[in-house]
Amino acid sequence: MQLDLNLLTALDALLEEGSVAGAAARLHVTPPAMSRSLGRIRKATGDQILVRTGRSMVPTTRALAMRAQVHALVQQAHQLLSAQQELDLAALDRVFTVRWHDALTAASGTALIAAVHRRAPGVRLRLSAEPGTDDAELRRGEVDLESSAGTPALPDIRHRLVGRDRLVVAVRPGHPLTEGPLSLERYAAAEHLTVSRRGNLRDPIDDALSTHGLERRVAAAGPTAAFALQLALETDLVVTLPDAVTRTAREQLGLATLPLPVPLPDVPLYLLWHQRYDDDRAHTWLRDLATDTIRALFTPPTDAQPPLSEEAGR
């Protein structure tokens, strides 16, 4: 069955005006055109809708029963197809799924949830763990906002740089590496722990060491930063992690932090989302709030927050 939804607008006008001429003037069409629309409405509904009484027309019993519902449907259609209205955070009722690296969730997740709840109490957040393998959840709309150390390969995934983190070395208090300057040779000679959700025992640090003719021994791979830091606290294993996103966790555990003796570039941190949300005001609000929350990790409290970067990939 094919429906002409324009008939809803005509029906709404007919029921509001109570006449063909009045409805035609309201919708800026000719009376004959509106009369034809009424005929089609009668055929579609199996009801006369308006019947003549003397010189006027009155709605049928069914028309009276459907008047409020028809008007509501037309109003909803206008809202749906018109320009977006101002975002009302107090009335916003929505669920967002945010998938961040575990260290970033630990560092900024609490602040993000608190900020969202304070401004939009009807919004609920799902902070999900990163999967073991890459997938297309952003494209399918199952994830609203994701973190990444690299830019996306897919053209329909947007990205925003929110910070750059330097790598540091974390060891237990009293670890032998805390005694004296940390040289490349001493660092390479220690036993190490990598952080990899896939269990990789090698990362870019090994490539950097090889350029200096050095090789380190990686004794284990941990799935999360929290696990790696706890293991570093209880053993002599050395873990190398981004500084800003693990700073609070390291301080809470009382770990010693040393500068990385291997020259490596800072690690970029991006937020990713699908292009379908480019003009979604609620999603724009969430990603801006998430950006401000994350950037607080990289900015001293006394410094002003930098302006939001331009979104890439447009």
Side-chain angles (χ1 to χ4, degrees), residues 87-131 137-138 140-152 157-166 195 197 223-229 241-253 266-313:
L87 181 63
D88 184 358
L89 292 178
L92 184 60
D93 182 9
R94 190 157 166 182
V95 178
F96 290 105
T97 299
V98 176
R99 187 173 68 195
W100 286 352
H101 185 275
D102 71 286
L104 182 59
T105 299
S108 295
T110 300
L112 179 63
I113 290 175
V116 167
H117 184 69
R118 184 166 58 251
R119 294 168 173 80
V123 170
R124 290 168 290 169
L125 286 184
R126 283 194 295 244
L127 270 68
S128 67
E130 287 186 302
E137 288 182 335
L138 278 174
R140 294 196 300 265
E142 297 169 9
V143 171
D144 295 287
L145 201 59
E146 188 172 291
S147 70
S148 174
T151 58
I157 303 301
R158 308 302 197 199
H159 62 282
R160 172 188 289 172
L161 179 66
V162 293
R164 293 186 182 276
D165 213 349
R166 64 189 180 113
V195 180
R197 66 178 189 264
T224 66
F227 172 84
L229 291 172
L241 291 166
D243 178 34
V245 297
T246 64
R247 185 180 299 121
T248 299
R250 297 195 318 270
E251 291 175 352
Q252 290 175 345
L253 291 172
D266 290 344
V267 180
L269 178 58
Y270 296 94
L271 287 181
L272 312 181
W273 67 94
H274 192 268
Q275 65 181 4
R276 69 166 64 88
Y277 296 123
D278 282 349
D279 299 318
D280 184 321
R281 295 195 178 189
H283 193 281
T284 300
W285 166 76
L286 175 69
R287 62 181 183 255
D288 286 349
L289 185 61
T291 298
D292 290 341
T293 303
I294 294 171
R295 283 184 172 170
L297 296 175
F298 302 94
T299 306
T302 55
D303 289 356
Q305 285 288 88
L308 292 179
S309 61
E310 291 296 320
E311 292 162 13

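We're numbering straight along the sequence, starting at 1.
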**OP:** Kindly determine whether T105 and V98 satisfy side chain to side chain contact (heavy atoms under 4.5 Å, CB included), including the steps that lead there.
**Re:** CA-CA 9 Å; T105 299; V98 176; over 6 Å; no
Out of curiosity, [X] [atom1] to [Y] [atom2], how far, rounded to the nearest 0.5 Å?
X    : Y    : atom1 : atom2 : result
L138 : R276 : CG    : CZ    : 8.5 Å
W273 : R287 : CH2   : CZ    : 5.0 Å
L253 : T248 : CG    : OG1   : 11.0 Å
R295 : L269 : CZ    : CG    : 10.0 Å

So, using side-chain contact (heavy atoms from CB on, under 4.5 Å) as the criterion, who are the partners of [X] when residues are at least two apart?
X    : answer
A120 : L89, V123, W285
T151 : H159, Y270
A228 : L193, V195, V239

What are the two closest heavy atoms between [X] and [Y], and how far apart are they?
X    : Y    : result
S108 : I294 : OG-CA, 4.0 Å
F298 : G163 : CE1-CA, 4.0 Å
H274 : I157 : CD2-CD1, 3.7 Å
L241 : A225 : CD2-CB, 4.4 Å
T293 : A111 : CG2-CB, 3.7 Å
D93  : G122 : OD1-O, 3.5 Å

Original post:
Pick one: which of L145, L161, L271 meets side-chain contact (heavy atoms from CB on, under 4.5 Å) with T291?
Top reply: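 Passing option: L271.
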Original post:
Is the side chain of T246 donor-acceptor paired with the backbone N or O of A249 at a distance under 3.5 Å, no angle test?
Top reply: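 Pair absent, no side-chain N/O of T246 close to backbone of A249.
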Subject >> Heavy-atom donor-acceptor pair, S147 side chain to H101 backbone, under 3.5 Å >> reply: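 Yes, S147 side chain to H101 backbone: donor-acceptor pair under 3.5 Å.
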**OP:** Please list all pairs passing the salt bridge (Lys or Arg N to Asp or Glu O under 4.0 Å) test where one or both residues lie in residues 241-252, with sequence neighbours left out.
**Re:**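 Those involving residues 241-252 are R166-D243, D243-R247, D243-R250.
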**OP:** Take V245 and W100, measure what side chain to side chain contact (heavy atoms under 4.5 Å, CB included) needs, and give me the verdict at the end.
**Re:** CA-CA 11 Å; V245 297; W100 286 352; over 6 Å; no
Subject >> Y277: partners by side-chain hydrogen bond (donor to acceptor under 3.5 Å, both in side chains), with sequence neighbours left out >> reply: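 In terms of side-chain hydrogen bond (donor to acceptor under 3.5 Å, both in side chains), with neighbours along the sequence ignored, Y277 is linked to D144.
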**OP:** Output all residues satisfying ring pair (Phe, Tyr, Trp, His ring centres under 6.0 Å) with F96, sequence neighbours left out; order by chain, then residue number.
**Re:** none
Subject >> Check against salt bridge (Lys or Arg N to Asp or Glu O under 4.0 Å), R160 and D288 >> reply: CA-CA 10 Å; R160 172 188 289 172; D288 286 349; 3.0 Å; yes
Original post:
Mind checking what makes salt bridge (charged side-chain N to carboxylate O under 4.0 Å, His left out) contact with R94, not counting sequence neighbours?
Top reply: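 Expected list: D280.
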**OP:** Evaluate the criterion side chain to side chain contact (heavy atoms under 4.5 Å, CB included) for residue pair L92 and L87; output intermediate values, then yes/no.
**Re:** CA-CA 8 Å; L92 184 60; L87 181 63; 4.3 Å; yes
Subject >> Pairs involving residues 117-126, ordered by first then second residue, that meet side-chain hydrogen bond (donor to acceptor under 3.5 Å, both in side chains) (sequence neighbours left out) >> reply: T97-R126
